[in-house]
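By convention here, the first residue in the shown sequence is residue 1. The structure displayed is predicted, hence computed values, not measured ones.
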Amino acid sequence: MMNSNSSLGFLPTTFILVGIPGLEAEHFWISIPFCLMYVIIFLGNGTILHVIRTDASLHQPMYLFLAMLALAEVGVSVSTLPTVLGIFLFSTTEISFEACLFQMFSIHSFSIMESAVLLAMSVDRFVAIYSPLRYTTILTLPRIFGTGVIIGLKSIVLMAPLPMLLWRLPFCGHNALSHSFCLHPNLIHLPCGDISINNIYGLFIVTSTFGLDSLLIVISYGLILHTVLGIATGEGRKKALSTCGSHVCAVLAYYIPMIGLSMVHRFGKHISPLLQTMMANAYLFFPPVVNPIVYSIKTKEIHRGIIRMLAKKRSRV
């Protein structure tokens, strides 16, 4: 079904989503690992948020930024959950035009937040290593919360024009998507009108957020390495670098799948739909599944906080 948009074309009433191409008959069984991933995401990130909120010793810049990262990852997962589980559990492949635009807005907004928080965390590690005595006076609570507000507002303001830019375009009967959720790089290929403004603005968002964030993260770690190499003792260098281990894992878990998906969308016209789908799922699911596990294992304070939380619950029982 289509709604009239202009003399040039139509707006689709619904979009058609897909699960795993070629494995439609196995969707029920495929839903099991997806359900497991959602459980890990919500339980893992929820545990980290609860531990940081309730443990006063964790009310420090590093862990407050980690809480922001967990919130952004939960936001991405909540955005994808209705359509992903709808397809795999109930074979619901249709999504309304408005709901698709809202899902696209939510997924990309939280992804932008996630990238910005990873940058803030790299700056936090640089300050902690470069000027440990002034760490708490530089990264005060008002500055941290202000940073969180700015990150959230920036993501919303940057993403707000994209749904409106898509709304103005004619689709001329094209409404089949390539994933289990709505992503802008996928949606932008459906209209039959001039998408140059959409492409230019989409490129601006990518370069001004993910591109700039990743560049600044690399610069931050270059400064961190320079500072660490100036530390006299080998033990001191090892201790300084150990505080960055979890964050490096989080950065790699986020940017490697994202770069892979971007390459597939832009240069992989002849790549199989199955590979495109797997790359999109890796981009959205890999970071929020891996990060809580990494931080729970590699960050001693979070690990101890979880143990203390479990000990309190056992004592109450």
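- Between Trp167 and Phe97, the ring planes lie perpendicular to each other; the angle is over 60°, past the 30° to 60° tilted range.
- With sequence neighbours left out, the ring pair (Phe, Tyr, Trp, His ring centres under 6.0 Å) criterion links Phe34 to Phe88, Phe285.
- For Thr299, the side chain to side chain donor-acceptor pair (under 3.5 Å) test picks out Ser246, with sequence neighbours left out.
- At a cut-off of 3.5 Å, with distance as the only test, no side-chain donor of Glu114 or Tyr254 sits close to an acceptor on the other residue.
- Considering Val74, Ile107, Val84 in turn, Ile107 is the only one that fulfils the side-chain contact (heavy atoms from CB on, under 4.5 Å) rule with Ser79.
- Ring pair Tyr201/Phe204 is tilted by interplanar angle, where 30° to 60° counts as tilted.
- Within a 6.0 Å sphere centred on CD1 of Ile197, other residues, nucleotides and ligands contribute 12 heavy atoms or fewer.
- Side chain of Asn45 to backbone of Ile41: a donor-acceptor contact under 3.5 angstrom is found.
- Across Leu66, Val123, Thr147, Asp124, a single residue satisfies side-chain contact (heavy atoms from CB on, under 4.5 Å) together with Pro61, and that is Asp124.
- Tyr221 pairs by the ring pair (Phe, Tyr, Trp, His ring centres under 6.0 Å) definition with His247, not counting sequence neighbours.
- Tyr255 and Ser115 are linked by a side-chain donor-acceptor pair at a separation below 3.5 angstrom, with hydrogens and angles left out of the test.
- Each of Leu166, Leu183, Leu162 was evaluated against Ile188; a single residue qualifies, Leu166, per the side-chain contact (heavy atoms from CB on, under 4.5 Å) test.
- In terms of modelled atom types and a separation under 3.5 Å, the side chain of Thr83 and the main chain of Ser180 share a donor-acceptor contact.
- The main-chain N or O of His108 is never found under 3.5 Å from a side-chain atom of His184 such that the two would form a donor-acceptor pair.
- Tyr135 is not listed as a side-chain neighbour of Ser131, based on a closest heavy-atom distance of 4.5 Å or more.
- Of the listed residues (Leu177, Thr92, Asn186), just one forms a side-chain contact (heavy atoms from CB on, under 4.5 Å) with Leu17, and that residue is Leu177.
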